[in-house]
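Reminder, nothing fancy here: chain letters follow the sequence lines and each chain counts from 1.
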There are 2 protein chains.
Amino acid sequence: MDIKDIDKVDNIIKRSRPIQAGEHIYRTGDGFTSIFAVRSGSIKTYLLDDDGVEQMTGFYLPGEILGFDGIGTEKHGCNVMAMETSTVCEIPFERIEELSLQIPVLQRHFFQLMSQQIEADHQMMLTLSKKNAEGRVATLLISLSRRFGRRNLSPNSLRLPMSRMDIGNFLGLTIETVSRTFSRLQKEGLIKVDGREIHINDHEQLRSICHAAK
Amino acid sequence: MDIKDIDKVDNIIKRSRPIQAGEHIYRTGDGFTSIFAVRSGSIKTYLLDDDGVEQMTGFYLPGEILGFDGIGTEKHGCNVMAMETSTVCEIPFERIEELSLQIPVLQRHFFQLMSQQIEADHQMMLTLSKKNAEGRVATLLISLSRRFGRRNLSPNSLRLPMSRMDIGNFLGLTIETVSRTFSRLQKEGLIKVDGREIHINDHEQLRSICHAAK
DNA sequence: TTGGATGCTTGATGTATGTCAAGACAAGCA
DNA sequence: TGCTTGTCTTGACATACATCAAGCATCCAA
């Protein structure tokens, strides 16, 4: 993309809207207009079952993009909430569509982003369907580590962006099982747990228990 | 879309490639070039874990479109196999991208298709993470019924496009549990089971046990 | 006709994780 | 200081589903 094109993209982005922890960016059924880029903090997306049961479907860290649900129906298909104080950029999707017609690499880029989301969701289905509690927690930690590393943060020392309850919800486990699993991994020396602070001692072995086993 | 545009789209579609049951259309790591529309039969997509454990990530019936994985990396991210003798249309993605620049509604349409895939995957995560065996099986049957209905087939009498093993794999259950669950639903009078032939007697009640409960 | 796959069902038993309950710890507040 | 509240941990027990095993039906090849 040349500089003029980057400028064009830059101009349609609405900057830095701050969000308090627990505040929603949008909810299921809201009209779809924009996607969002996380600038700081952490954001979770979740579905509510007919019975009010919550299923977290993903979470997003700085530099990541969310909101690709709801293009099909023009209505958002999930709820999006800040897990801590966060800032996001809003990117009006119609403007993206217009610009994509002028800048082919932009069109390609958004197809790629959505494709990556699909692949990540499929990995998550594998995790939920085939892995035991240890495998699920290990997979989450490795994923966090990788994403922290991408932002040039330490891949070994990380602060969980979410509560035990959110972790359990995301991984399809109860908070008790999550807690017990952290304790077990710590007793085995793979990680060091202090509340939300996690230190990964043995990346290799942690990765090795990510594999499916139920 | 006007007729000339429809013609343009029509011209890039490679017609009716027949696939035998068990044959692959592509595998993980193959170069990404095309997406596929199912014309007849049924197609499954699945991941292989490092240990060779298979996780089915979706299945596609006539009229449905698959292959949106791998746009990001240019390599396919899953395996795609025919579950019975099938035919598919191949649609070269680069041609789609070119045409999308000329026909804005086409661009919008593909964004919509991918968005719908993302929403369906999120629903599946909810199913895998929060529902018990009965809820998972019921959810699958309701989904099949709806998709059969969309093709103007009976929503109450359907032939399962897949084996018990595939069902178990897809739903994160063993074949024994799948079989027992079918038997239980039959004993309760909600469905009639005869091998792969399923008759839905009580749509309402079947739908009511789709809700999360674990 | 037999024998061997293959796919499905059903029963008996084991186990990972859910559920229920209690307590530890920290943060905020009177 | 004590009191409340929320988050997390740990233990005891219950249960849904996995595992192991057997049996049945269908199909196909020898």
Side-chain angles (χ1 to χ4, degrees), chain A residues 21-22 42 44 51 53-56 83-85 127-141 159-188 191-198 209 211-214, chain B residues 21-22 42 44 51 53-56 83-85 127-141 159-188 191-198 209 211-214:
Chain A
S42 54
K44 74 170 174 179
D51 306 343
V53 175
E54 175 179 333
Q55 173 63 41
M56 189 167 153
M83 294 193 288
E84 53 195 322
T85 306
T127 296
L128 290 173
S129 152
K130 293 288 189 309
K131 297 182 188 179
N132 61 16
E134 242 185 27
R136 294 183 203 194
V137 170
T139 300
L140 174 66
L141 292 178
R159 182 177 172 74
L160 296 172
M162 55 185 113
S163 66
R164 297 289 189 273
M165 200 164 125
D166 277 333
I167 294 174
N169 185 345
F170 184 50
L171 297 178
L173 302 168
T174 59
I175 62 172
E176 293 95 329
T177 300
V178 172
S179 184
R180 275 187 257 268
T181 305
F182 275 132
S183 299
R184 183 141 29 94
L185 291 176
Q186 177 167 240
K187 203 167 350 173
E188 290 163 358
I191 61 175
K192 170 90 183 60
V193 184
D194 179 18
R196 289 196 179 193
E197 299 290 341
I198 304 285
I209 60 174
H211 302 334
K214 204 175 175 179
Chain B
S42 53
K44 74 170 174 178
D51 307 343
V53 175
E54 174 179 333
Q55 173 63 41
M56 187 165 154
M83 294 193 288
E84 53 195 320
T85 305
T127 296
L128 290 173
S129 150
K130 293 289 189 310
K131 297 182 188 179
N132 61 15
E134 246 186 23
R136 293 183 204 194
V137 170
T139 300
L140 175 65
L141 292 177
R159 182 179 172 75
L160 296 172
M162 56 185 117
S163 66
R164 297 288 189 275
M165 200 164 123
D166 278 332
I167 294 174
N169 185 344
F170 185 50
L171 297 178
L173 302 168
T174 59
I175 62 174
E176 293 95 328
T177 299
V178 172
S179 183
R180 276 187 255 269
T181 305
F182 275 132
S183 298
R184 183 142 27 95
L185 291 175
Q186 178 167 239
K187 204 167 350 176
E188 290 164 358
I191 62 176
K192 170 91 182 59
V193 184
D194 178 18
R196 290 194 179 193
E197 299 290 341
I198 305 283
I209 60 173
H211 302 335
K214 203 175 175 178

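One distance of note links NZ of Lys131(B) with CD1 of Ile209(B); it measures 10.5 Å at 0.5 Å rounding.
Taking atom CG on Leu173(A) and atom P on dT17(C), their separation rounds to 7 Å, with Å as the unit. One can place CG of Leu171(A) at 11 Å from P of dG18(C), the figure rounded to the nearest angstrom. Atoms CZ (Phe182(B)) and P (dC8(C)) sit 10 Å apart, rounded to a whole Å. Atom-to-atom, CZ of Arg196(B) to P of dT26(D) comes out at 16 Å; the value is rounded to the nearest Å. The CD1 atom of Ile175(B) sits 13 Å away from the P atom of dC20(D) (whole-angstrom rounding). In this structure, CG of Leu185(A) is placed 15 Å from C1' of dT9(D), rounded to the nearest angstrom. To the nearest angstrom, P of dC8(D) lies 10 Å from CZ of Arg159(A). In this structure, Asn169(A) atom CG and dT7(D) atom P are separated by 14 Å, rounded to whole Å.
Distances were taken from every side-chain heavy atom of Glu176(B) (C-beta onward) to each of dC17(D), dT9(D), dT10(C); the shortest belongs to dT10(C). For Asn132(A), whose side chain is taken as the heavy atoms from C-beta onward, the closest listed nucleotide among dT19(D), dT9(D), dT17(C) is dT17(C). Here dT17(C) is the nucleotide among dC8(C), dC8(D), dT17(C) with the atom lying nearest to any side-chain atom of Ala133(A). Side-chain proximity of Thr177(B) to the nucleotides dC17(D), dC20(C), dT19(D) is greatest for dC17(D). Listed nucleotides: dC8(D), dT10(C), dT9(C). Nearest to the side chain of Ser183(B): dT10(C). The side chain of Arg180(A) lies closest to dG11(D), out of dT9(D), dC8(D), dG11(D).
Formation of a donor-acceptor pair under 3.5 Å by the Arg164(B) side chain with backbone atoms of Gly195(B) is found in this model. Proximity of a side-chain donor or acceptor of Lys130(B) to a complementary backbone N or O of Asn169(A) within less than 3.5 Å is detected. Remark: side-chain polar atoms of Arg196(A) are not paired, donor with acceptor, to backbone N or O of Arg159(A) under 3.5 angstrom.
Note on Lys44(B) versus Glu54(B): salt bridge recorded, some NZ/NE/NH1/NH2 to OD/OE distance being below 4.0 Å.
Residue-level contact check: Ser179(A) touches the bases, meaning some heavy atom is under 4.0 Å from a base atom.
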